[in-house]
Amino acid sequence: MGGERQADRAYSGIFSIINDDRLAVGDRLPSEAQLAQRFAMSRTVVREALVRLAADGITEARRGAGSFVKRRPSDQLAAHVPLLEIAATLGSYEVRFVLEAESARLAATRRSADELDRIEVALEALRTALLSSAPAHAEDMALHRAIAEATANPAFPVALDALVPEVDRIMRAGVDISRSRPPEVIGAMMAEHERIVDAIRVGDADGAALAMRWHLSEGRRRLMP
């Protein structure tokens with residue numbers, strides 16, 4: 001089994017320890033050596049998994065003290081993402097920060113009038129879905145794809161389509177988790193999309209990229225309690 005796959009297993013194993021052992025924010029994880037022994041893997045593989053968990057905002061390393069829980073994943077996340085796929089699913093955010101921020105940047109300067117109309121229609125469809133009790137992941141994806149299509153570069157929607165399995169799970173989980181919280185959480189989600197579209201509408205490339213990165217960062221945070 002390849003190192004990358006082993007790192008995914010280690011990531012899932014540490015994720016499971018946090019959930020199953022009910023570790024709280026600030027609790028210390030077992031040491032690298034203990035985790036390596038527990039998973040029958042090298043410390044190098046465990047270290048890679050910890051680096052990825054930290055990048056996803058779940059753990060943090062403290063020099064000389066080890067790794068600690070930074071945020072606990074929502075218990076509802078497991079209903080949408082199989083444990084063995086959690087690493088790839090959350091890891092897709094790293095790709096989306098690059099891909100979708102640049103999509104928004106380019107769409108702001110390259111979109112045609114027809115493409116802007118499609119983005120506006122997709123935004124209103126998302127608003128209707130989010131403010132109802134209906135699923136909203138398809139509308140969410142449609143808006144993100146409409147932005148990718150407005151880059152005038154077909155490689156962007158193709159690249160986004162390659163992430164659909166992971167992004168779809170995230171969007172389903174994000175909406176369900178947000179709906180279990182106070183109404184302003186859904187309101188914030190909608191406002192983030194509006195800021196992206198507002199920037200694209202007025203041709204603010206940097207603003208569109210920043211708004212997209214903020215939306216993705218907040219989306220990842222919403223997966224945690």
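Remember, it's a predicted structure, so these values are computed and weren't measured experimentally.
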Compile the donor-acceptor pairs under 3.5 Å between side chains in residues 200-211 and protein atoms, sequence neighbours left out, one pair per line.
{"unit_1": "R201", "atom_1": "NE", "unit_2": "E120", "atom_2": "OE2", "d": "2.6"}
{"unit_1": "R201", "atom_1": "NH1", "unit_2": "D198", "atom_2": "OD1", "d": "2.6"}
{"unit_1": "R201", "atom_1": "NH2", "unit_2": "E120", "atom_2": "OE1", "d": "3.0"}
{"unit_1": "R201", "atom_1": "NH2", "unit_2": "E120", "atom_2": "OE2", "d": "3.1"}
{"unit_1": "D204", "atom_1": "OD1", "unit_2": "G207", "atom_2": "N", "d": "2.9"}
{"unit_1": "D206", "atom_1": "OD1", "unit_2": "R105", "atom_2": "NH1", "d": "2.5"}

For this session: Output all residues satisfying side-chain hydrogen bond (donor to acceptor under 3.5 Å, both in side chains) with T44, sequence neighbours left out; order by chain, then residue number.
Result: none
Problem set entry | ring pair (Phe, Tyr, Trp, His ring centres under 6.0 Å) contacts touching residues 83-133 (sequence neighbours left out) | none
For this session: List in chain and number order the residues that pass side-chain hydrogen bond (donor to acceptor under 3.5 Å, both in side chains) with R127, two or more places apart in sequence or in another chain; answer none if no residue qualifies.
Result: E124, E194
Seminar exercise, completed: Besides W214, the hydrophobic cluster formed by Ile, Leu, Val, Met, Phe, Trp and Tyr side chains linked at under 4.5 Å, directly or via other members, contains none
For this session: Can you run down the ring pair (Phe, Tyr, Trp, His ring centres under 6.0 Å) pairs that involve residues 171-202, sequence neighbours left out, and say none if there aren't any?
Result: H144-H193, H193-H215
For this session: Mark yes or no for whether R72, through its side chain, and I18, through its backbone, hold a donor-acceptor pair below 3.5 Å.
Result: yes
Exercise. Can you list every ring pair (Phe, Tyr, Trp, His ring centres under 6.0 Å) pair that touches residues 44-89, not counting sequence neighbours?
Worked result: none
For this session: Report the residues that fulfil side-chain hydrogen bond (donor to acceptor under 3.5 Å, both in side chains) with S112, sequence neighbours left out, ordered by chain and then residue number.
Result: E115
Exercise. Can you list every pair that meets side-chain hydrogen bond (donor to acceptor under 3.5 Å, both in side chains) and has a residue in residues 150-164, with sequence neighbours left out?
Worked result: R145-D161
For this session: Output the rest of the hydrophobic cluster of V185: all Ile, Leu, Val, Met, Phe, Trp and Tyr residues reachable through side-chain heavy-atom contacts under 4.5 Å, sorted by chain and number.
Result: none
For this session: With sequence neighbours excluded, give me every salt bridge (charged side-chain N to carboxylate O under 4.0 Å, His left out) pair touching residues 83-94.
Result: E85-R169
Problem set entry | Carboxylate-amine/guanidinium contact R195 E192, below 4.0 Å | no
Problem set entry | Connected hydrophobic set around F156, excluding itself, where side chains approach under 4.5 Å | V95, L99, L106, M141, L160, L163, V164, V167, M171
